[in-house]
Amino acid sequence: MSPLARLPRERKPDWIRVKAPGGTAFAETKAMMRRLYLNTVCEEAACPNIGECWTKKHATVMILGDTCTRACAFCNVKTGMPRAVDMLEPQHTADAAAELGLSHIVITSVDRDDLPDGGAAQFVKVIQALRRTTPGTTIEILTPDFRNKAQAAVESIVEAGPDVYNHNLETVPRLYPTIRPGARYYASLRLLESVKRHDPSIFTKSGMMMGLGEERMEVHQVMDDMRSADVDFLTLGQYLQPTPRHAKVIDFVTPKAFDAYAAIARAKGFLLVAASPLTRSSYHAGDDFMRLRAAREAKLAKA
């Protein structure tokens, strides 16, 4: 069988099954998030890795509330009119990083098309609070596309100095009208490109969900587009349907197929590639950051 062979949706494979979350450390992480009034993408997006990550006291904070102004077909975060921005959220996020003893933290958010800046100022405040409270913590942000506000939003966030700037393309351009209807593929590419233009020292990262009906050559083209935008780090993971009302899983991509995609991506020049059925944007992010930094140092040493 070809390594790119896929299994029909009806046969849910063993390789994407995970243990149910639980245990003392998991409960402590959850209690702390509730105490600090913080939302996490781990919970809101129904991440399959929550048990593993929270047991290690790793959590991805989702700022700007728990309600998104968009309704992407793949996302489990609720849609509606968000509440006012929580002015205590930046310091609460920094307090959580300190309490968890995080050496690396990932900050993401819902889409906030209702805000004049799309929520960029809150990202800046969170980064600043983290720098004050836990100066040794490296910071990775995963932002929305800041529709119609991207240039000013990106500039302000880049000036705040995150270590990694992530923005996911999510899928191939052909599937955007059904999977990511509120976004534009080339606008997201330009956002990633603009990060590097403003500060080449910041690592850029982007990812895709597999199993939505994308074709192999379409995935290769997205890789080429990312490299044209000088993206450093690529993540590829299996899409899992969170509820019956969301987009269906067209197929389950095999681990061998992920390995094949990873080999192609490395050949195209990404500094780092994480590709597996359970890979998610912030999965093992701290370890990956160390590998990313080492890869850049090795590349510079060869230059």
Side-chain angles (χ1 to χ4, degrees), residues 39 41 44-45 60-82 85 106-124 126-127 139-160 162 164-199 202-209 212 214 221-223 225-237 239 246-247 280-282:
N39 300 296
V41 73
E44 304 301 334
T60 298
V61 176
M62 189 175 76
I63 64 173
L64 293 165
D66 64 353
T67 305
C68 188
T69 54
R70 300 190 199 172
C72 294
F74 63 87
C75 185
N76 196 50
V77 176
K78 67 182 179 182
T79 301
M81 179 56 68
V85 176
V106 182
I107 308 297
T108 189
S109 80
V110 292
D111 280 288
R112 290 297 301 261
D113 297 317
D114 59 310
L115 299 175
D117 67 347
Q122 190 77 337
F123 273 98
V124 172
V126 169
I127 293 169
I139 302 170
E140 178 173 331
I141 59 166
L142 170 56
T143 76
D145 61 6
F146 300 114
R147 186 170 59 196
N148 302 324
K149 314 171 183 81
Q151 182 172 350
V154 169
E155 287 179 3
S156 65
I157 294 172
V158 168
E159 287 174 6
V164 181
Y165 195 120
N166 185 3
H167 174 64
N168 287 329
L169 294 184
E170 305 292 9
T171 190
V172 300
R174 175 176 57 85
L175 297 178
Y176 262 55
T178 55
I179 301 301
R180 201 176 176 220
R184 300 294 178 268
Y185 177 79
Y186 289 104
S188 286
L189 271 178
R190 287 194 296 271
L191 184 154
L192 289 161
E193 187 176 38
S194 68
V195 174
K196 281 293 191 182
R197 186 169 61 249
H198 293 307
D199 188 345
I202 293 178
F203 291 108
T204 50
K205 179 177 176 180
S206 191
M208 294 179 64
M209 301 172 292
L212 285 164
E214 68 286 339
Q221 183 60 58
V222 173
M223 291 180 188
D225 292 343
M226 288 183 183
R227 289 301 301 133
S228 294
D230 203 17
V231 172
D232 298 303
F233 183 5
L234 170 66
T235 61
L236 300 174
Y239 167 69
H246 288 87
R280 297 296 183 267
S281 293
S282 55

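Along the sequence shown, residues are numbered consecutively beginning with 1.
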Checklist entry - Nearest 0.5 Å, what's the CD1-CD1 distance between I139 and I141? => result 9.0 Å
Item to check | Stepwise side chain to side chain contact (heavy atoms under 4.5 Å, CB included) test for N76 and H246 | outcome: CA-CA 8 Å; N76 196 50; H246 288 87; 3.8 Å; yes
Checklist entry - Below 4.5 Å, heavy atoms only, C-beta onward: do V77 and D66 meet side chain to side chain? => result no
Item to check | Within-4.5 Å side-chain heavy-atom neighbours: S194 and Q151 | outcome: no
Item to check | Donor on one side chain, acceptor on other, R280 and T60, under 3.5 Å | outcome: no
Next on the checklist: I want to check something: taking the side chain as every heavy atom from C-beta on, are L115 and L64 in contact at a cut-off of under 4.5 Å?
Outcome noted: yes
Item to check | Between CD on residue E140 and CD1 on residue I127, distance to nearest 0.5 Å | outcome: 11.5 Å
Checklist entry - Which distance, rounded to the nearest 0.5 Å, do you find between the CG of L189 and the OG of S206? => result 8.0 Å
Checklist entry - Of the non-hydrogen atoms in L142 and F123, which two are nearest, and what is the gap between them? => result O-CZ, 3.9 Å
Checklist entry - Just wondering, do M208 and M226 contact through their side chains at under 4.5 Å, heavy atoms? => result yes
Item to check | Point-to-point distance, once rounded to the nearest 0.5 Å, from CD1 of I179 to CZ of R174 | outcome: 10.0 Å
Checklist entry - Is the backbone of I157 close enough, under 3.5 Å, to the side chain of Y165 for a donor and an acceptor to pair up by distance? => result no
Checklist entry - Is there a side-chain contact between H198 and V154 (heavy atoms, below 4.5 Å)? => result yes
Checklist outcome for this item: Hits for ring-ring contact (aromatic ring centres under 6.0 Å, His included) against F74, two or more places apart or cross-chain, chain-then-number order -> none
Next on the checklist: Is a donor from one side chain sitting under 3.5 angstrom from an acceptor on the other, for Y185 and D225?
Outcome noted: yes
Checklist entry - Just by distance, do the side chain of D145 and the backbone of S188 share a donor-acceptor pair under 3.5 Å? => result no
Item to check | Evaluation steps, side chain to side chain contact (heavy atoms under 4.5 Å, CB included), between T204 and D230 | outcome: CA-CA 8 Å; T204 50; D230 203 17; 5.6 Å; no
Item to check | Residues D114, R112: salt bridge by 4.0 Å N-O rule | outcome: yes
Item to check | Which residues share a side-chain contact (heavy atoms from CB on, under 4.5 Å) with R184, sequence neighbours left out | outcome: A187
Checklist entry - Would you say the side-chain atoms of K205 pair up with the backbone N or O of T235, donor to acceptor, closer than 3.5 Å? => result no
Item to check | Presence of salt bridge, D232 and K196, under 4.0 angstrom | outcome: yes
Next on the checklist: Using only atom types and a distance under 3.5 Å, with no angle test, would you say the side chain of T69 pairs donor to acceptor with the backbone of D113?
Outcome noted: yes
Checklist entry - Where do V231 and L192 come nearest, in terms of heavy atoms and distance? => result CG2-CD1, 4.0 Å
Next on the checklist: Rounded to the nearest 0.5 Å, what separates atom CZ in R180 from atom CG in N168?
Outcome noted: 8.0 Å
Checklist outcome for this item: For K149 and D117, the nearest pair of non-hydrogen atoms, with its separation, is CD-C, 3.6 Å
Checklist entry - From N39 CG over to S109 OG, what is the distance, rounded to the nearest 0.5 angstrom? => result 11.0 Å
Item to check | Heavy-atom closest contact (G80 atom, T67 atom, distance) | outcome: N-CG2, 3.4 Å
Checklist entry - Does the side chain of F146 come within less than 4.5 Å of H167's, by heavy atoms? => result no
Checklist entry - Looking at A247 and L212, what are the two nearest heavy atoms and their distance? => result CB-CD2, 4.2 Å
Item to check | Distance-minimising heavy-atom pair for S156 and V124 | outcome: O-CG2, 3.5 Å
